[in-house]
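First comes the structure, then the notes that go with it.
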Amino acid sequence: MAEPAEVELSVDDIRAVVAFAATCARLALPVFEAVHPGDLRPRSAIDGAEAFVETGHRTAELRRLAWDAHKAAREVAESSATDAALAAMHAAGAAFLHPLHSPHQVKHILGSAVHLLLTDSKTVAEQIEWIQARADATVRSVLRRFPPPIAGRTRFGAVMVRLDTELRR
C-alpha cells in the first residue's frame, strides 16, 4: 500500500505544535542570553511563535524572525548557546509545518525540544521527562501522522530519533 502524499493537519494542530516548541525554546533561552544578553533575536523568534499560537497566522515576519534566530546561532561559537538559539529558530519555524508525509517535517515538531536537550547533555533523561509532560495528546497525535525521522550521523539526529521514539509511545 502506498504512503499518503499528505497528512491531515489543521491550524489548531499547528498551533499546538508551536506552543509546545515555544515552551521548549523558552526554557533554553536563558542559556543563550547568559552569554549574549544584548542579542534579542532568539527571544524575538520565540515571541513571534507565541504570537502565532494566538492568531494562527503565518507571516513573512515570523519567517524572518526564525531566520534571524538562525543567524544568531551561527554567529556564536558552537556551544549550548548555539543550541538555545536554534531552539528559538525551530519554535518560529514550527508554524511552517506542512502536511507533507515526510520524515523531514518531524524537525518542525521536535526541533526546539531536541535543541533544548542539546543545551545540557548531562540532564537529557530529566529533560526528556519534562518534554514528555508538555507534549500533549495533540502534539503526539500530530507527530504520529508523520513517518519517523532518520537519525543520520549528527547528535541532533540521534537525539531527535530518541525523543521521537519516546513521544510516539
Side-chain angles (χ1 to χ4, degrees), residues 7 9-10 12-36 41-43 45-50 52-53 65-66 69-70 72-74 76-169:
V7 300
L9 196 60
S10 71
D12 286 340
D13 290 336
I14 298 170
R15 290 167 76 181
V17 166
V18 174
F20 166 72
T23 298
C24 293
R26 184 77 61 197
L27 186 62
L29 184 60
V31 174
F32 181 85
E33 291 182 337
V35 181
H36 303 283
R41 293 175 291 181
R43 177 176 292 277
I46 297 167
D47 291 345
E50 291 169 343
F52 170 82
V53 171
L65 292 170
H70 184 262
R74 290 182 48 180
V76 299
E78 190 160 334
S79 63
S80 294
T82 304
D83 284 303
L86 290 172
M89 184 259 320
H90 278 286
F96 298 94
L97 174 64
H98 294 291
L100 303 172
H101 191 263
S102 164
H104 175 75
Q105 295 301 311
V106 173
K107 285 182 186 178
H108 288 299
I109 302 167
L110 298 181
S112 287
V114 170
H115 282 292
L116 169 61
L117 292 170
L118 293 173
T119 62
D120 186 356
S121 59
K122 295 177 199 138
T123 63
V124 169
E126 295 85 10
Q127 294 282 27
I128 285 179
E129 287 179 22
W130 184 89
I131 290 166
Q132 286 177 317
R134 276 138 192 93
D136 67 14
T138 301
V139 171
R140 290 169 189 254
S141 171
V142 170
L143 181 63
R144 289 181 189 117
R145 295 175 207 165
F146 292 92
I150 301 164
R153 297 183 194 144
T154 66
R155 282 183 338 139
F156 178 89
V159 171
M160 184 167 59
V161 167
R162 179 177 173 187
L163 183 59
D164 177 80
T165 300
E166 293 291 329
L167 294 178
R168 286 178 190 261
R169 291 185 182 165

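This one's a predicted model, so the numbers in the text were calculated from it and none came from an experiment.
A 4.5 Å side-chain heavy-atom check between His101 and Pro147 finds at least one atom pair inside the cut-off. Between His108 and Val17 the shortest side-chain heavy-atom distance does not fall below 4.5 Å. Using a 4.5 Å heavy-atom cutoff, the side chains of Phe146 and Val7 are in contact. Looking at Ile14 and Val18, their side chains come closer than 4.5 Å, going by heavy atoms from C-beta outward.
When all heavy atoms are compared, the tightest approach of Ala88 to Ile46 is CB-CG1, 3.7 Å. When all heavy atoms of Ser112 and Ala87 are compared, the closest pair comes out as OG-O, 2.6 Å. Pairing each heavy atom of Thr138 with each of Ala16, the nearest pair is CG2-CB, 3.6 Å. Nearest heavy atoms, Ala85 versus Pro42: CB-CG, 3.9 Å. Summarising the geometry of Ala66 relative to Met89, their closest heavy-atom pair is O-CG, 3.0 Å, with the distance given to 0.1 Å. Considering all non-hydrogen atoms of both residues, Gly48 and Leu65 come closest at CA-CD1, 3.9 Å.
Within a 6.0 Å sphere centred on CG of Leu100, heavy atoms belonging to other residues, nucleotides or ligands number more than 12. Counted within 6.0 Å of CZ on Arg153, heavy atoms from surrounding residues, nucleotides or ligands total 12 or fewer; the atom is thus considered open. Within a 6.0 Å sphere centred on CZ of Arg74, other residues, nucleotides and ligands contribute 12 heavy atoms or fewer.
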Would you check, one step at a time, whether the test salt bridge (Lys or Arg N to Asp or Glu O under 4.0 Å) holds for Arg155 with Asp83?
CA-CA 11 Å; Arg155 282 183 338 139; Asp83 284 303; 3.8 Å; yes

Evaluate the criterion side-chain contact (heavy atoms from CB on, under 4.5 Å) for residue pair Val124 and Arg162; output intermediate values, then yes/no.
CA-CA 11 Å; Val124 169; Arg162 179 177 173 187; 3.5 Å; yes

Is there a salt bridge (Lys or Arg N to Asp or Glu O under 4.0 Å) between Arg26 and Asp47? Walk through the geometry before answering.
CA-CA 9 Å; Arg26 184 77 61 197; Asp47 291 345; 2.8 Å; yes

Give the C-alpha distance, both sets of side-chain angles, the deciding distance and a yes or no for side-chain contact (heavy atoms from CB on, under 4.5 Å) between Val139 and Leu167.
CA-CA 9 Å; Val139 171; Leu167 294 178; 5.6 Å; no

side-chain contact (heavy atoms from CB on, under 4.5 Å), that's the test. Do Val35 and Val76 meet it? Break it down for me.
CA-CA 9 Å; Val35 181; Val76 299; 6.0 Å; no

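Taking the six-membered ring where tryptophan is involved, the planes of His36 and Phe32 are tilted, since the angle between them lies from 30° to 60°.
Rounding to the nearest 0.5 angstrom, the gap separating the NE2 atom in His90 from the SG atom in Cys24 is 12.0 Å. Note that the OG1 atom of Thr82 and the CG atom of Leu86 stand 6.5 Å from one another [nearest 0.5 Å]. Of the inter-residue distances, the one linking Ile131 atom CD1 with Glu166 atom CD reads 10.5 Å to the nearest 0.5 angstrom. Between the CG atom of Leu116 and the CG atom of Leu110 there is a distance of 12.0 Å, given to the nearest 0.5 Å. Interatomic distance, CD1 of Ile109 versus CZ of Arg145, reported as 9.0 Å (0.5 Å rounding). For the atom pair CG of Leu163 and CG of Leu117, the computed distance is 6.0 Å after rounding to the nearest 0.5 Å.
Ring pair His115/Phe156: centre-to-centre distance below 6.0 Å.
One N or O on the side chain of Arg168 and one on the backbone of Leu143 form a donor-acceptor pair closer than 3.5 Å. Under a 3.5 Å cut-off, the side chain of Arg134 and the backbone N or O of Thr23 do not form any donor-acceptor pair. Of the possible donor and acceptor atoms, one in the side chain of Asp13 sits under 3.5 Å from a partner among the backbone N and O of Ser10.
No side-chain N or O of Thr165 forms a donor-acceptor pair with one of Arg169 less than 3.5 Å apart.
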